[in-house]
Amino acid sequence: MKRLFSTVVVTLAAALTLSACGGGDPLTNTSPTPADSGAAPATGGGGGKVVVGSANFPENVLLAEIYSQALEAKGVQVEKKLNIGSREVLYGQVKSGGLTILPEYVGSLLAFIDKSATAKSKEDVVAALKEKLPAELEVLEPAAAEDSDSLTVTRELSQKVGLVTIEDLAKVAKNYTVGGPPEFQTRQEKALKEAYGLEFKEWKKTGDATADAIKDGTIEVGNVFTTDPKVIINGLISLQDTKHVFGAGNVAPLVNKAGVNETVTGTLNAVSAKLDTAGLLTLMKRVSIDKADAATVAKDWLTQNGLA
């Protein structure tokens, strides 16, 4: 399943899950707004300027705000171009230097530049990106924060049956109904069976309502993104994908190498070192549920983590 650039339905539910069909790439199928192709290449910090871009969905905008404000705190001149559109637009802009920095998701980026890629773990994906990215581009240190597909259950079921990893489901899956987007079964049933031996009692098409269907007991297991705020609201647990069926969804800055210096790269790597999935999930709840301003949420997080 690909993150940052999949189908995004612009509703609150989609903003929460960041992808209504749970298996696309949030930037790939969005309707792009043309970027400013005439922007001059950035020159990094220390008196220069970097241009930070984002896709047009809430999490990516938030990440771009975090990057921007962290850099400004280090004296880097930052221009923000947020809510631009799809990866097809954004990737070319970073490559050309019109954008200097873009929040990315390593697995989705690899799938975009190499349709035949098979790497799944974070380490393998990052290694593959180093080989496949053009000379102009570089992915900096990925964060522990991961926005990816998962199999998710209630906290109560997790504690009752002892479910921590997807592998733990193998002993009980035949008693459970699993839900997700319409295409979830077609895309993942074989892979989950081969990797984990999972065979569910029933597969249901629960779409945008998957997280709520887990909470109300319509299904026991569901395909919910790891940074969907409903994970917090509904008291859910995302099971660990130890065999990387869904692939790495770690957040990482994609940069135009000519436009950044050591101040920029060091600052962005420091952000990645502090950002984990639980933290990003909490931030997304503030943005999508509490309707807090992304810039304010970013500033609070940076202050709390000693980065601003």
Side-chain angles (χ1 to χ4, degrees), residues 1 3 6 8-9 11-24 26 57-59 62 105 144-173 175-185 187-188 192 196 198 200-251 275-291:
M1 305 285 195
R3 204 56 183 150
S6 77
V8 177
V9 179
T11 62
L12 176 59
L16 298 180
T17 61
L18 306 185
S19 172
C21 46
F57 61 95
E59 183 180 282
L62 172 64
Y105 301 79
E146 196 167 3
D147 181 3
S148 62
D149 291 272
S150 76
L151 289 182
T152 300
V153 299
T154 62
R155 187 177 302 276
E156 291 76 13
L157 184 61
S158 171
Q159 294 173 346
K160 178 181 178 181
V161 184
L163 301 178
V164 177
T165 70
I166 296 177
E167 194 168 9
D168 294 332
L169 272 175
K171 59 190 175 185
V172 292
N175 301 319
Y176 296 157
T177 298
V178 62
E183 71 278 10
F184 180 57
Q185 181 176 6
R187 291 184 178 179
Q188 296 298 338
L192 289 169
Y196 293 108
L198 293 186
F200 291 100
K201 178 177 68 177
E202 183 182 0
W203 293 70
K204 285 190 175 182
K205 298 176 181 178
T206 47
D208 296 347
T210 299
D212 294 325
I214 299 170
K215 181 181 180 181
D216 67 24
T218 301
I219 58 176
E220 288 81 19
V221 184
N223 174 222
V224 180
F225 281 112
T226 54
T227 56
D228 183 342
K230 284 191 176 181
V231 171
I232 292 178
I233 296 170
N234 291 356
L236 307 181
I237 297 292
S238 299
L239 302 179
Q240 298 171 22
D241 181 15
T242 55
K243 297 186 178 181
H244 310 293
V245 167
F246 295 126
N250 300 80
V251 173
L275 189 63
D276 60 19
T277 303
L280 183 55
L281 181 58
T282 300
L283 298 180
M284 282 307 301
K285 176 183 178 296
R286 288 188 62 192
V287 171
S288 293
I289 302 299
D290 302 337
K291 299 301 182 184

| Does the side-chain contact (heavy atoms from CB on, under 4.5 Å) test come out yes or no for F200 and T177, once each step is laid out? | CA-CA 6 Å; F200 291 100; T177 298; over 6 Å; no
| query | Does the pair V178 and E202 meet the rule for a side-chain contact (heavy atoms from CB on, under 4.5 Å), with working shown? | reply | CA-CA 6 Å; V178 62; E202 183 182 0; over 6 Å; no
| message | Determine whether Y105 and E59 satisfy the following criterion, side-chain contact (heavy atoms from CB on, under 4.5 Å), listing intermediate values before the conclusion. | response | CA-CA 11 Å; Y105 301 79; E59 183 180 282; 2.3 Å; yes
| task | Show the numbers, then the answer: is there a side-chain contact (heavy atoms from CB on, under 4.5 Å) between K230 and L236? | result | CA-CA 8 Å; K230 284 191 176 181; L236 307 181; 5.5 Å; no
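A distance-only check finds no donor-acceptor pair linking the side chain of D228 to the backbone of V231 [under 3.5 Å]. Distance alone, capped at 3.5 Å, is enough to place a donor-acceptor pair between the T226 side chain and the S148 backbone. Judged by distance alone, the side chain of D212 and the main-chain N or O of A209 form no donor-acceptor pair under 3.5 Å. Listed for the S288 side chain is no donor-acceptor partner under 3.5 Å among the backbone atoms of K285. Of the possible polar contacts, none joining the D147 side chain to the G249 backbone as a donor-acceptor pair under 3.5 Å is found. One N or O on the side chain of T277 and one on the backbone of E146 form a donor-acceptor pair closer than 3.5 Å. The backbone N or O of K243 sits less than 3.5 Å from a side-chain atom of Y196, completing a donor-acceptor pair. In terms of modelled atom types and a separation under 3.5 Å, the side chain of T218 and the main chain of I214 share no donor-acceptor contact. Side-chain N or O atoms of N234 include none that pairs as donor or acceptor with a backbone N or O of K215 at under 3.5 Å. Formation of a donor-acceptor pair under 3.5 Å by the D241 side chain with backbone atoms of I166 is not found in this model.
Other residues, nucleotides and ligands contribute more than 12 heavy atoms inside 6.0 Å of the NZ atom of K201.
Just one of L239, L163, V161 meets the side-chain contact (heavy atoms from CB on, under 4.5 Å) condition when paired with D168; it is L163. Residue I219 forms a side-chain contact (heavy atoms from CB on, under 4.5 Å) with just one option from V153, T206, T152, and that option is T206.
The CG atom of N223 sits 12.5 Å away from the CD atom of Q185 when rounded to the nearest 0.5 Å. For the atom pair L198 CG and K171 NZ, the distance stands at 12.5 Å (nearest 0.5 Å). For the atom pair CG (L169) and CD (E220), the distance works out to 10.5 Å, reported to the nearest 0.5 Å.
Across every non-hydrogen atom of A144 and N250, the tightest pair is O-ND2, 3.7 Å. Residues P58 and M284 approach most closely at CB-CE, 3.9 Å, considering heavy atoms. The two residues F246 and L151 make their nearest non-hydrogen contact at CE1-N, 3.9 Å. The heavy-atom pair separating T210 from G180 by the smallest distance is OG1-CA, 3.6 Å. What you find for P229 and I289 is that their closest heavy atoms are CB-CG1, 3.8 Å.
At least one side-chain heavy atom of Y176 sits less than 4.5 Å from a side-chain heavy atom of L157.
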